[in-house]
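Presented below is the structure to which this report refers.
Each chain gets a letter, A, B and so on, in the order the sequences are listed, and its residues count up from 1.
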Amino acid sequence: MSLMDKNNQPLRRFIDRIKPTFAKGGRLPWLQSTFEGFETFAYTPNEVTHNGAHMRDAVDMKRSMITVVIALMPALLFGMWNVGHQYALATGDSLSWIAEWWFGFIRMLPLIAVSYVVGLAIEFSFAQIRGHAVYEGYLVTGLIIPMIVPISTPLWQLALAVAFAVVVGKEVFGGTGMNFLNPALVARAFLFFSYPTHMSGDTVWVSAKHFGDAVTGATPLGEIMASNAHSGQELLQGLSCSALDMFVGVIPGSVGETSVIAILLGAALLLLAGLASWRIMLGVVLGGGLMGLLFNAIGANAYMQLPFYYHYLMGGFMFGAVFMATDPVTAAQTNRGKWIYGLLIGAFAVMLRVLNPAYPEGMMLAILLMNCFAPLIDHCVVAGNIKRRRNRGRAR
Amino acid sequence: MQDITKIRKGLDIPLEGCARKIVSDARSIGLYAVKPTDYVGLAPRPVVAEGDTVLAGSPLFVDKNNACAKFVSPVSGTVKAVVRGEKRALLAVVVASDGRTECADSAPDDLALLSREQVRQRMVDSGCWTLLRRRPFGIVPLESDNPKAIFVSCFDSAPLAPDYDFVMMGREEDFGTGVEVLAKLTDGPVHLGMRPGQALSQLDYGPQVEIHFFEGPHPAGNVGTQIAAVDPIDKGDVVWTISPQEVAIVGHLFRSGQYRPEKLVALTGPCAASPRYYRIFSGAELDRLCGEQMASRKGCRLISGNVLSGTTLPLDSPTLAPFLGAHDDLVTLIPEGDYYEFMGWLMPGLSKFSFHRTFLSGWLRHLPGVERFLPKMRYDFDTNLHGEPRPLVMTGEFEQVFPFDIYPLQLLKAAIIGDVDLMENLGIYEVEPEDFALCEYIDPSKTDIQCIVRTALENIRKEGI
């Protein structure tokens, strides 16, 4: 198709015709960022290079973000089916797997919708006020937030959490690329600290027939916290699910985090596409494993005796390792720093789980903690480079 | 024993339109210009007026801040115009050639008898001093400079770069003499960077000359990469660089007494009808060649230099014709990319070239052995930005195309905020914007990295004066 044809399609002509309405001097200038957001969604812009390299790589932030969203799909789709499946198991209703998936889909849809509508409305407003285009950071965060909260989270709580995360967690610092805390985890932490009864326990994870209702169904982490077992063996026998169940993900839990295998599929896509750091992922897994082994060696109580690899299978460990710890903006930015960052996240996550009596899941807190330390880690790594350069100069 | 360094970080961009090894003569071009905008940090003052007669090697303008910097005419003839732009900034001094290329009479020099001072003076008077570039800052060397080494990169790895084995054929003696001249100018070594097996490596050089071989993708041919691999620049160090054809021009000056800035320039690119080499004088006007090579001038961009760090030349400007850049021996013609693409960011993108693997083409490129089964991948290359500028988000990517012991993202961020101390600590003195060209190419956030680095370097240089 020649250049003239590419610029001449009906949709393109329509957009060009209504464009002046949203520009300065038009009738709706306050919607300019919104209009541009939708325009660049439909058409990659016709901007050419003006300074520096005359050609640029075909990839842009939209492409990167959409690839991450695709990587989230296995976990999301499985999680939707799992919501229905857990409901069927808990209530004794027997459903086909399509019906189970549809059940979960219907219950996830409001959460996803609220997350995107509230988050994007705030982002569009900030873009308009600041006079720049809408940045794509929220495409991924907006999908992750519903995947890490319990399915029975009230929508108004979710909306508040999203607003808090986008405004205080991101925009206050300057928007996409400027924040130091992972916005999805800020939303989760907001919910956890403000509405703790809705976020933990065993009556939030499994959906009931009516929207927002839940029936009893504890996650493995919850069961471990509540258990009185005296040894690791007893603990394992007391769990209502097997290791295989946990690996495949047919257990109660947040929509995104239960299925390790679906998360690994997403991880494979992210690694193949070069979008997530393998150093961070491997670091988290190794750090968690080493801390788990350490606890196995100490063996002071039943939880410590639990074989270390169970930590990978339970709770949000793998989801955090693959999708949250690897957020490039809030993680360490140097390669060496990424190792240290990942190892410490894994170690802290397991440590918080085993030693902290207040909350079964340590991953969220571990990542938030290391988000605060990532700049320090980078500073120390870069300081090594600076010192090497200085010594090289002095050696002459 | 050969000293071969394998450069592992970088990227070769498979642009089409490489120059075929045929040479057309373009020495009959009538207009030439020397442009202060081809150099860094000049305060130019013209020393000729319209209508003056000049010889090849006569000064056209000088730098007010640098007594050694005399910018001379490449050909003999009459000064046609002294072109000024906004705020009376000097844009170019244009000379109409009289076709005879006369230069001031001068006897050839016997290098063995000359002292360093005499060699320097000869370089300055002839105008060859301005062929040299100085790191840090990329400016014309100062009178007070005492370089610790001089680097010549004898090959170019940029997309569509000329083949220096072909270009330097027949100029070996001039090149050898030029290297001898360089050796006189410094106490330290003259480092020549070459590909293994390059023809120039077979010549005999003096004891001060060291040959280093480099393998690997672009930017192996960038002189900055070679400096970093051989002898990185520290604070306070000064290093001079010069390109191989310019070395031959210097050598020709000392061998024959004549200043003759004749070069082989490759005209390349997807928009070029018949890419080839042209024998041409420095600073030539490119209108006629463009007319020959471009079917339609609309929708094409004319670049003096390579696509990564070259300068756009105006094709139909009323003020200034397109003149070849002073240091350039490559001209690239690529299509403009000002088109919209429906949901372009979602498409599989087989014809889109990307360093990253989010496009199908990127995956196929990285799979081993695929080339045998698939037809040669052809990509659409044009000037489309493929997105819009965004804040810096991705990390760990610049490091893959930046073969220095420097943290590129951290240095870039220090340059953006203007933290001079941090920039110094992170190695700003080692780099020139062209070293960041590949980072700018692959950046998904479309940051104007080379611009930022040049601004930072200029600010540091001006603060230091």
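- Contacts of Arg301(B) with chain A are made by side-chain atoms alone, with heavy-atom separations under 4.5 Å and no backbone atom involved.
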Test side-chain contact (heavy atoms from CB on, under 4.5 Å) on Glu399(B) and Gln333(A); report intermediate values, then the result.
CA-CA 11 Å; Glu399(B) 286 82 348; Gln333(A) 301 190 346; over 6 Å; no
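- Across all non-hydrogen atoms, the minimal contact from Ile442(B) to Val59(A) is O-CG1, 4.4 Å.
- For chain A, the option among Thr383(B), Ile334(B), Leu426(B) with the highest count of heavy-atom pairs below 4.5 Å is Thr383(B).
- Shortest non-hydrogen contact noted between Ser64(A) and Pro444(B) is OG-CB, 4.4 Å.
- Nearest heavy atom pair, residue Ser354(B) against residue Asp57(A), reads OG-OD1, 2.7 Å.
- At a threshold of 4.5 Å between non-hydrogen side-chain atoms, the residues Leu346(B) and Ile66(A) count as touching.
- Residues Met343(B) and Tyr43(A) form no side-chain contact, since every pair of their non-hydrogen atoms from C-beta on lies 4.5 Å or further apart.
- Highest contact tally toward chain A, considering only Asn425(B), Asn306(B), Asp443(B), is held by Asn425(B) [criterion: heavy-atom pairs under 4.5 Å].
- Side chain of His356(B) to main chain of Ala273(A): no donor-acceptor pair is present (N/O by atom type, distance under 3.5 Å, no hydrogens or angles).
- Proximity to chain B is absent for every atom of Leu270(A), based on heavy atoms less than 4.5 angstrom apart.
- One finds the CD1 atom of Ile386(A) at 11.5 Å from the CD1 atom of Ile406(B) (value rounded to the nearest 0.5 Å).
- When heavy atoms are compared at a cutoff of 4.5 Å, Thr311(B) approaches chain A solely by way of its backbone atoms N, CA, C and O.
- The existence of a salt bridge linking Asp405(B) and Arg388(A) is confirmed by a sub-4.0 Å separation between a basic side-chain nitrogen and an acidic carboxylate oxygen.
- The shortest heavy-atom contact between Ala437(B) and Ala53(A) is O-CB, 4.3 Å.
- Between chain B and the residues His132(A), Lys387(A), Glu136(A), the largest count of heavy-atom pairs under 4.5 Å involves Glu136(A).
- Contact check on Glu341(B) versus Lys62(A) returns no salt bridge, with no Lys/Arg side-chain nitrogen under 4.0 Å from an Asp/Glu carboxylate oxygen.
- With a threshold of 4.5 angstrom between heavy atoms, Val69(A) does not approach chain B through any atom at all.
- Highest contact tally toward chain B, considering only Ala58(A), Pro328(A), Ala42(A), is held by Ala58(A) [criterion: heavy-atom pairs under 4.5 Å].
- Among the candidates Gly427(B), Pro159(B), Pro335(B), Pro433(B), the residue making the largest number of heavy-atom pairs closer than 4.5 Å to chain A is Gly427(B).
- The existence of a salt bridge linking Asp60(A) and Lys446(B) is excluded, since no basic side-chain nitrogen approaches an acidic carboxylate oxygen closer than 4.0 Å.
- Of the listed residues Asn335(A), Thr334(A), Leu11(A), the one with more heavy-atom pairs under 4.5 angstrom with chain B than any other is Thr334(A).
- When heavy atoms are compared at a cutoff of 4.5 Å, Thr67(A) approaches chain B solely by way of its side chain, counted from C-beta outward.
- Neither the backbone nor the side chain of Ile449(B) comes within contact range of chain A, judged by heavy atoms closer than 4.5 Å.
- Arg392(A) and Ile233(B) get closest at one heavy-atom pair: NH2-O, 3.4 Å.
- Of the listed residues (Gly387(B), Pro389(B), Pro391(B)), the greatest number of heavy-atom pairs within a distance under 4.5 Å of chain A belongs to Pro391(B).
- Heavy-atom pairs under 4.5 Å with chain B were tallied for Met61(A), Arg63(A), Met55(A), His50(A); the largest tally goes to Arg63(A).
- Phe342(B) does not carry Arg12(A) over the face of its six-membered ring by the limits of under 6.0 Å from the centre and within 45° of the normal.
- In this model, a donor atom of one side chain and an acceptor atom of the other lie less than 3.5 Å apart for Asn51(A) and Asp448(B).
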Audit row: Glu47(A), Asn384(B), side-chain contact (heavy atoms from CB on, under 4.5 Å) steps and yes/no
CA-CA 6 Å; Glu47(A) 271 295 305; Asn384(B) 195 303; 5.8 Å; no
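- In this structure, the side chains of Arg357(B) and Leu275(A) stay at 4.5 Å or more apart for every pair of heavy atoms.
- Only the side chain of Leu409(B) has a heavy atom closer than 4.5 Å to any heavy atom of chain A.
- Top candidate by heavy-atom pairs under 4.5 Å with chain A, chosen from Leu392(B), Thr312(B), Thr332(B), is Thr312(B).
- Among Ala383(A), Ala332(A), Gly274(A), Gly175(A), the residue making the largest number of heavy-atom pairs under 4.5 Å with chain B is Gly274(A).
- Arg56(A) and Glu440(B) are joined by a salt bridge, as a carboxylate oxygen and a charged side-chain nitrogen come within less than 4.0 angstrom of each other.
- Using a 4.5 Å heavy-atom cutoff, the side chains of His386(B) and Thr44(A) are not in contact.
- Within a 6.0 Å sphere centred on CZ of Phe373(A), heavy atoms belonging to other residues, nucleotides or ligands number 12 at most.
- Nearest heavy atoms, Ala133(A) versus Glu388(B): CB-OE1, 4.3 Å.
- Of the two parts of Arg390(A), only the side chain, counted from C-beta on, holds a non-hydrogen atom closer than 4.5 Å to a non-hydrogen atom of chain B.
- Using a 4.5 Å cut-off between heavy atoms, Leu272(A) contacts chain B through both its backbone and its side chain.
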Determine, step by step, whether Asp16(A) and Tyr340(B) satisfy the side-chain contact (heavy atoms from CB on, under 4.5 Å) criterion, reporting the C-alpha distance in whole Å, the side-chain angles of both residues, the deciding distance to 0.1 Å, and the verdict.
CA-CA 11 Å; Asp16(A) 286 335; Tyr340(B) 293 100; 4.2 Å; yes
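- Shown here is Arg8(B), whose CZ atom has no more than 12 heavy atoms of other residues, nucleotides or ligands within 6.0 Å.
- Neither the backbone nor the side chain of Glu434(B) comes within contact range of chain A, judged by heavy atoms closer than 4.5 Å.
- Residue with the most contacts toward chain A among Leu422(B), Asp382(B), Leu438(B), Ile13(B): Asp382(B) (heavy-atom pairs, distance under 4.5 Å).
- Residue His54(A) holds its NE2 atom at 9.0 Å from CG of Leu308(B), rounded to the nearest 0.5 Å.
- There is no contact between Gln400(B) and chain A, counting heavy-atom distances below 4.5 Å.
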Could you give me the CA-CA distance, side-chain angles and deciding distance for Asn385(A) and Gln410(B), then say whether side-chain contact (heavy atoms from CB on, under 4.5 Å) is met?
CA-CA 11 Å; Asn385(A) 179 281; Gln410(B) 281 68 21; over 6 Å; no
